[in-house]
> 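The structure follows.
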2 protein chains.
Amino acid sequence: MRKTIFIFAALIIALLALFKLSTYSFLSGNSPIETIIAVIAIVFFVIGVIINKKVLHNEKKIVQEIDHKKIEEIGLSKREYEVLCQIASGLSNKEIANALFVSESTIKTHVSNLLVKLDAKRRTQAIQIAKELRIIVN
Amino acid sequence: MRKTIFIFAALIIALLALFKLSTYSFLSGNSPIETIIAVIAIVFFVIGVIINKKVLHNEKKIVQEIDHKKIEEIGLSKREYEVLCQIASGLSNKEIANALFVSESTIKTHVSNLLVKLDAKRRTQAIQIAKELRIIVN
DNA sequence: AAAACACTCATACTAAAGTATGAAATATTA
DNA sequence: TAATATTTCATACTTTAGTATGAGTGTTTT
């Protein structure tokens with residue numbers, strides 16, 4: 001957020017400077033007006049593109065960011081969240097157990113608890129709900 | 001977020017207008033060129049924004065579009081694809097059967113065939129693979 | 001028409017997934 | 001320190017998922 005403000009502030013300053021420069025060079029110098037106009041057109045075109053890119057980029061980022069507050073709000077523990085991510089990547093309980101170096105029964109308890117907290121009946125539904133809540137990416 | 005962006009955009013435009021007005025009053029109207037320059041700057045700025053928006057919009061669309069060719073390439077039938085979508089939305093076989101007005105065993109065969117075609121061991125993995133192949137949306 | 005395909009369904013089976021309960025060790029926090 | 005939450009694991013059980021096989025019914029395609 002602060003970054004965006006900084007970027008915009010800098011842009012405004014740059015714009016002001018550009019305007020001053022353009023009017024200055026136009027009044028004092030004897031350079032062709034058409035060139036100045038062309039340069040200004042190009043510069044502002046580029047500025048427009050850059051600003052828009054930044055804006056859309058940030059929007060995209062926000063859309064794909066995970067909501068850590070929601071994870072806490074739901075009450076998912078660290079381990080449960082890890083298991084949830086592994087489920088979403090398509091692993092079985094046994095595979096998750098191997099990946100996290102624990103027994104399969106441990107994973108089963110985690111899954112069971114995680115399903116209750118997400119209000120899901122199945123792991124596939126848990127994936128869907130977690131995605132809607134922006135708890136996991138994809 | 002969008003609000004801030006709008007506010008800043010409005011600020012920039014206001015600044016440009018102000019600058020134009022100030023210079024205009026300073027020179028007391030004997031330089032329409034500055035007005036032209038200002039107008040051109042604004043116009044090209046807007047053009048830049050619009051063009052960029054269109055380009056990025058198309059990119060986004062492409063990213064989120066489903067690859068129908070891939071569905072054919074893999075050899076998924078219409079019904080199998082329907083079942084895949086229902087799986088991705090978190091339904092059980094019985095629920096899918098009810099939704100599509102067929103028996104659960106029918107869904108089981110569809111699922112089994114679909115898993116082979118997607119080279120998946122589980123339905124959760126099928127979701128993941130289908131998403132990577134851009135066969136289903138998020 | 002015959003072959004190939006898609007869709008349907010059933011049965012029987014194996015393999016996972018998920019529930020319930022209890023329990024123990026370790027952090028974390030009041 | 002006591003209380004609480006997390007993580008771990010086990011056993012027993014029910015449910016769902018997935019496989020294999022066979023078969024009937026339509027559609028296309030050859």
Side-chain angles (χ1 to χ4, degrees), chain A residues 66-133 135-136, chain B residues 66-133 135-136:
Chain A
I66 55 177
D67 193 344
H68 295 281
K69 288 172 191 170
K70 206 125 213 168
I71 296 171
E72 267 196 64
E73 195 185 313
I74 291 166
L76 277 183
S77 74
K78 196 192 265 181
R79 211 56 164 165
E80 284 163 354
Y81 181 69
E82 278 184 288
V83 172
L84 174 62
C85 293
Q86 303 281 309
I87 286 173
S89 68
L91 300 186
S92 69
N93 288 341
K94 197 173 282 180
E95 287 170 341
I96 297 171
N98 291 333
L100 300 183
F101 304 106
V102 292
S103 79
E104 193 187 341
S105 62
T106 303
I107 301 301
K108 281 191 178 185
T109 37
H110 284 323
V111 171
S112 222
N113 293 331
L114 151 186
L115 288 179
V116 171
K117 288 177 184 179
L118 283 173
D119 194 29
K121 292 176 189 167
R122 283 162 293 282
R123 43 173 55 210
T124 50
Q125 198 180 1
I127 296 171
Q128 191 61 24
I129 291 169
K131 224 164 272 166
E132 277 173 10
L133 294 174
I135 278 176
I136 57 174
Chain B
I66 56 178
D67 194 344
H68 295 280
K69 289 172 190 170
K70 208 127 212 167
I71 296 172
E72 267 195 65
E73 194 185 314
I74 292 166
L76 278 183
S77 74
K78 196 193 267 181
R79 209 58 164 165
E80 284 164 356
Y81 180 70
E82 279 184 287
V83 172
L84 174 62
C85 292
Q86 302 281 310
I87 287 173
S89 67
L91 300 186
S92 70
N93 289 340
K94 196 172 284 181
E95 287 170 340
I96 298 170
N98 291 333
L100 301 183
F101 304 106
V102 293
S103 78
E104 193 186 343
S105 62
T106 303
I107 300 300
K108 281 191 178 184
T109 38
H110 285 321
V111 171
S112 221
N113 294 330
L114 150 186
L115 288 178
V116 171
K117 289 177 182 176
L118 283 173
D119 195 29
K121 291 175 190 167
R122 281 162 293 283
R123 44 173 54 211
T124 49
Q125 200 180 0
I127 295 171
Q128 191 60 27
I129 290 169
K131 225 164 272 168
E132 277 173 9
L133 294 174
I135 278 177
I136 57 173

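Since we're looking at a predicted model, the values are computed, not measured. The basis for the numbers below is simple: all heavy atoms, side chains too, and nothing from hydrogens, waters or symmetry mates.
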> At a heavy-atom distance below 4.0 Å, which nucleotide of DNA chain D is the first touched by chain B, and which is the last?
D/dA17 to D/dT19

> Go through the side-chain N and O atoms of A/N93 and A/R123 and say whether any donor and acceptor fall under 3.5 Å apart.
yes

> Distance check needed: C/dA17 C1' versus A/L91 CG, whole Å only.
14 Å

> Does B/H110 have a side-chain nitrogen or oxygen under 4.0 Å from the phosphate oxygens OP1 or OP2 of C/dA6?
no

> To the nearest Å, give me how far apart CD1 (A/I107) and P (C/dA17) are.
11 Å

> In whole angstroms, how far is the C1' atom of C/dG18 from the CD atom of A/E80?
15 Å

> Starting from P on C/dA12, measure out to CD on B/E104 and report it in whole angstrom.
16 Å

> Evaluate the side-chain proximity of A/R79 to A/L100: yes if any heavy-atom separation is below 4.5 Å, no if none is.
yes

> Looking at A/I74, is its backbone amide N or carbonyl O close enough to the side chain of A/K117 to form a donor-acceptor pair, meaning the two atoms are under 3.5 Å apart?
no

> Just wondering, do B/I71 and B/H68 contact through their side chains at under 4.5 Å, heavy atoms?
yes

> Could you check how far CZ of B/R123 sits from C1' of C/dA16, rounded to whole Å?
12 Å

> Are the charged groups of B/E72 and B/K69 less than 4.0 angstrom apart, N to O?
no

> Output yes when at least one side-chain N/O atom of A/N93 is less than 4.0 Å from OP1 or OP2 of C/dA17, else no.
yes

> Between B/K108 and B/S77, who's closer to the 5' end of DNA chain C by nearest nucleotide?
B/S77

> Provide, to the nearest angstrom, the distance between the NZ atom belonging to A/K78 and the P atom belonging to C/dA27.
12 Å

> How many Å lie between CD on A/E72 and C1' on C/dT28, as a whole number?
14 Å

> Any non-hydrogen side-chain atom of A/E95 less than 4.5 Å from a side-chain atom of B/Q125?
no

> Just checking B/S103: base, sugar-phosphate only, or nothing, at a heavy-atom cut-off of under 4.0 Å?
sugar-phosphate

> Without decimals, in angstroms, what is the distance between B/L76 CG and C/dC5 C1'?
15 Å

> Is the phosphate of C/dG18, meaning OP1 or OP2, less than 4.0 Å from a side-chain N or O of A/R122?
no

> Report the residue (B/L100 or A/N113) whose heavy-atom-nearest nucleotide on DNA chain C is the more 5′ of the two.
B/L100

> Categorize A/S105 for me: base, sugar-phosphate, or nothing, with a 4.0 angstrom heavy-atom threshold over every strand shown.
base

> Can you find a side chain N or O atom of B/T106 that sits less than 4.0 Å from OP1 or OP2 on C/dC9?
yes

